Amino acid sequence: MLTDTLLAAAVSTELPTAEAEEGGSIRVRTVWISDLHLGTPGCQARALLEFLREVECEQLFLVGDIVDGWQLRRSWYWPQAHNDVVQKLLRKARKGCRVIYVPGNHDEFARKYLNHSFGGIEVAHEWIHETADGRKLWVTHGDLFDGVIQCAKWLAHVGDTAYEFTLKLNRHLNSLRARLGLPYWSLSKYLKLKVKRAVSYLNDFEEALAKEARRRGVQGVVCGHIHHAELRDIDGILYANDGDWVESLTALVEHPDGHLEILDWSERQRARADAAVQAVEALRTPA
């Protein structure tokens with residue numbers, strides 16, 4: 001069974017040597033990440049590991065599609081880096097961080113284990129989080145408010161296959177861009193923001209979740225699912241989407257005073273690379 005196989009793979013492997021040292025350069029109250037899609041070639045596991053090593057928080061929410069069960073049923077793909085991510089999450093739970101896992105549609109197998117705990121990671125259908133400044137935020141993956149998922153799941157699987165093809169094309173494209181010295185660029189993200197029907201879908205999804213949050217009497221909603229990081233007000237309701245770790249490499253964080261921010265890890269990587277190039281050029285430049 002897929003669940004048992006994944007649990008065995010995660011628990012049986014020893015922690016990598018690099019885990020002996022903790023980063024902790026980013027200290028926040030709460031972190032939300034989603035759509036890691038472990039088990040697919042598109043998962044940016046090494047960048048995610050770097051992020052997890054550098055962030056310290058009291059609470060960490062895994063907001064669905066952490067493991068891609070759809071893809072793993074089609075073709076098994078589970079490299080060491082993906083195991084290292086799971087081990088890092090378990091390590092954070094052991095060291096006192098409260099880790100709450102809200103499954104999504106790609107890891108719907110985990111919904112069989114609601115209200116259970118695995119290695120200190122709590123599995124929940126949804127969550128109400130209270131920020132340091134007293135706001136209540138409803139935490140959900142968001143797939144239950146996706147009309148395609150609910151009304152035509154077969155179409156969602158077709159779309160998922162097409163999305164995987166786009167990501168594969170994107171990897172080849174960015175390999176060429178890297179050889180030309182150009183920065184990373186997401187083809188799928190570009191299409192998502194340029195195609196009118198895709199933009200309409202994003203807006204409908206966001207408004208549906210904001211409407212449901214208002215009905216529940218909370219001040220905001222935190223979700224994932226659509227791989228589009230966003231932090232905005234929708235008619236008085238805070239809509240927060242933490243993005244993904246396939247294309248955008250983003251996380252939502254809550255600072256000690258309660259204010260929220262989207263961290264773009266790809267931007268940090270680019271800034272570090274630029275700083276390294278500048279440092280090398282400075283050394284080469286004669287005084």
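For clarity, every value in this text was computed on a predicted model and none was experimentally measured. For the numbers below, each heavy atom of this structure counts, side chains included, while hydrogens, waters and symmetry mates do not.
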- Query: For the side-chain hydrogen bond (donor to acceptor under 3.5 Å, both in side chains) test, which of His227, Gln44, Gln71 pairs with His37?
  - Reply: His227
- Message: Can you list everything that forms a salt bridge (charged side-chain N to carboxylate O under 4.0 Å, His left out) with Arg135? Sequence neighbours excluded, please.
- Response: Asp133
- Message: For Tyr113 and Phe118, take the angle between the two ring planes, folded into 0 to 90°, and tell me which bin it lands in: parallel under 30, tilted 30 to 60, perpendicular over 60.
- Response: perpendicular
- salt bridge (charged side-chain N to carboxylate O under 4.0 Å, His left out) partners for Glu126, two or more places apart: Arg216
- Item | Ile234 side chain near Arg232 side chain, heavy-atom distance below 4.5 Å | yes
- Message: Minimum heavy-atom separation for Thr140 and Val63, please, with both atom names.
- Response: O-CG1, 3.4 Å
- Single hit among Thr40, Val67, Asp65 for side chain to side chain contact (heavy atoms under 4.5 Å, CB included) with His106: Asp65
- Message: I'd like to check His129 versus Ile100 (side-chain heavy atoms, cut-off strictly below 4.5 Å). Are they in contact?
- Response: no
- Task: Carefully, step by step, assess Glu50 and Trp265 under the rule side-chain hydrogen bond (donor to acceptor under 3.5 Å, both in side chains).
- Result: CA-CA 9 Å; Glu50 183 183 83; Trp265 202 250; 2.7 Å; yes
- Note on the structure: Residue set satisfying side chain to side chain contact (heavy atoms under 4.5 Å, CB included) with Glu261, at least two apart, ordered chain then number -> Val253, His255, Leu263
- To the nearest 0.5 Å, how far apart are CG in Leu231 and CD1 in Ile262? 5.0 Å
- Query: Would you say the side-chain atoms of Asp107 pair up with the backbone N or O of Ala110, donor to acceptor, closer than 3.5 Å?
  - Reply: no
- So which of Val139, Leu252, Val222 actually passes side chain to side chain contact (heavy atoms under 4.5 Å, CB included) with Phe61? Val139
- Query: Closest heavy-atom contact between Asn241 and Gly224?
  - Reply: ND2-O, 2.9 Å
- Short N-O contact, Glu212 and Arg215, less than 4.0 angstrom: yes
- Flag side-chain contact, heavy atom, 4.5 Å: His82 against Leu36: no
- Message: Just checking His225 against Phe205, ring centres under 6.0 Å apart?
- Response: yes
- Taken to the nearest 0.5 Å, the spacing of Trp138 CH2 from Leu209 CG works out to 5.0 Å
